[in-house]
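First comes the structure, then the notes that go with it.
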Amino acid sequence: MVNTTLMTSFLLMGFAEDPEMQTLCAVLSLLMYLVALMSNLLIVTVLTLDSQLQTPMYFFLKNLSLLDVSLVSVPVPKFILNSLTHSNSISLPGCAFQLLLITSFSASETFILTAMSYDRYVAICCPLHYETIMSAQACVMMAGASWALGGLFGALYTAGTFSVPFCGSSVIPEFFCNIPSLLKISCSDTLLAIYPSMGIGLCLGLFCCVCIVFSYVHILSAVLRIPPRKSQSKAFSTCLPHLVVFTIFMLSALMVYLRPPADTPPVIDRLPSVMYTVLPPILNPVIYTLRNGDIKRGLRKLQNHLPRKKRNLMIWLLSTHCSRLL
């Protein structure tokens, strides 16, 4: 017989049960969080202050960095706090708020990546009409719609998930609240409330994937028709980082949300959650910076305007961050 005691809090399993290992995980997570936070904020600062980087591509990249900062700041600080205090509990409202923010920021990031692919499509396939199509007003509307639709989708998904009561086990075998684990411990057998939001999410995800594939098929076709090899290389250098970022983000998300949750999965089965929430915010600044001469010039200009101590700190951060990932 199912235990019908309603849940008021949950237990996040994390990655270790030993207190010393929990402390070690907290320290490592803190280091990764600071790297992701500082590198993305550095990109935002450069793109905001440099007048030569006020183009649609960099406008969307700035929004992507802000979303990365927001996404990584939802589950990781809570995990660090729980690991340091050796307490794995999270309240039901806290879990719902965490799920709302993670889903919203993830959906918004997918929409922003789609807008970035459209920007590259217009720039390469319709260069004569680029300034007209990708006007400042159009870019603001696309970015605003991405944030708004992400928030709306997150609210819909969270409302559907928490419209059913939870009973039985209160253990969530992840380091943050995610939908598959919550649905596993729900009391309802039908989960009719979650089906509409799942259907909408699937349709939106497929729509974004189709748009990006469509854009890059046309981009590839147009680039291959460019005679000079140097021009081809420049076109690929602006498109390849975006394609890599989108692939990493979508694959890690699919590993988290399509993998059937087990009752007590081993630690290695929880790594996709880390890839989904931590890896893209760490990799994105490196991927875009290493392949982009304009951002490198912007970083050097910012570096020259900083005091010497802050300049040395910035050099150390960039060199450490890049050496760990290359």
Side-chain angles (χ1 to χ4, degrees), residues 30-74 76-77 105-106 108-120 123 134 136 139-140 142-144 146-147 150 234 236-250 252 275-307 310-326:
L30 179 61
L31 290 176
M32 290 190 295
Y33 175 66
L34 290 177
V35 168
L37 193 67
M38 295 176 68
S39 57
N40 280 281
L41 291 179
L42 183 61
I43 294 294
V44 172
T45 302
V46 171
L47 297 180
T48 302
L49 298 180
D50 197 325
S51 59
Q52 296 181 347
L53 300 179
Q54 306 304 312
T55 62
M57 180 176 69
Y58 296 122
F59 172 75
F60 290 125
L61 179 57
K62 181 164 62 175
N63 278 267
L64 181 66
S65 294
L66 289 173
L67 284 167
D68 281 336
V69 169
S70 304
L71 179 61
V72 77
S73 297
V74 176
V76 178
F105 293 142
S106 300
S108 297
E109 187 157 336
T110 304
F111 297 140
I112 285 291
L113 289 170
T114 305
M116 293 175 73
S117 71
Y118 178 70
D119 170 72
R120 293 298 84 206
M134 300 302 297
C139 292
V140 171
M142 282 192 284
S146 298
W147 285 82
K234 184 177 180 180
F236 278 123
S237 68
T238 61
C239 297
L240 186 60
H242 171 263
L243 196 57
V244 172
V245 167
F246 178 78
T247 303
I248 292 174
F249 182 74
M250 292 304 295
S252 58
M275 294 176 58
Y276 172 59
T277 55
V278 180
L279 189 62
I282 290 178
L283 285 180
N284 289 356
V286 175
I287 292 172
Y288 280 108
T289 302
L290 293 181
R291 297 286 298 178
N292 195 300
D294 293 335
I295 296 182
K296 289 180 181 179
R297 285 191 292 272
L299 287 171
R300 283 193 291 267
K301 288 171 62 177
L302 177 63
Q303 175 186 329
N304 293 333
H305 285 84
L306 291 175
K310 293 183 178 179
R311 189 185 309 172
N312 293 335
L313 177 61
M314 178 179 168
I315 295 173
W316 175 84
L317 172 64
L318 290 175
S319 61
T320 303
H321 187 36
C322 294
S323 63
R324 287 180 178 177
L325 296 171
L326 296 179

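No hydrogens, no waters, no symmetry mates; every other heavy atom, side chains included, goes into these values.
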Nearest-0.5 Å distance that lies between atom [atom1] in [X] and atom [atom2] in [Y]:
X	Y	atom1	atom2	result
Met142	Trp147	CE	CH2	16.0 Å
Phe59	Met134	CZ	CE	9.5 Å
Leu279	Asn284	CG	CG	8.5 Å

Please find the pair of heavy atoms, one from [X] and one from [Y], that lie closest to each other, and give the distance.
X	Y	result
Cys139	Phe60	O-CE2, 3.8 Å
Asn40	Pro281	ND2-O, 2.7 Å
Tyr58	Leu47	O-CD1, 3.5 Å
Val69	Leu37	CG1-CD1, 3.4 Å
Ile282	Pro285	O-CD, 3.5 Å

*Only one of Ile112, Leu71, Val44, Leu61 passes side chain to side chain contact (heavy atoms under 4.5 Å, CB included) with Leu66; say which it is.*
Val44

*Are Met38 and Leu42 side-chain neighbours, meaning at least one heavy-atom pair lies under 4.5 Å?*
no

*Between Ile43 and Val46, is any pair of side-chain heavy atoms under 4.5 Å apart?*
no

*What residues form a side chain to side chain donor-acceptor pair (under 3.5 Å) with Tyr33, not counting sequence neighbours?*
Ser73

*Partner set under side chain to side chain donor-acceptor pair (under 3.5 Å) for Asp119, not counting sequence neighbours*: Tyr130

*asked:* Checking the side chain of Gln54 only, and the main-chain atoms of Leu49 only, is there a donor and an acceptor separated by less than 3.5 Å?
replied: no

_Looking at Ser146 and Ser108, would you say the former's side chain and the latter's main chain have a donor-acceptor pair under 3.5 Å?_
no

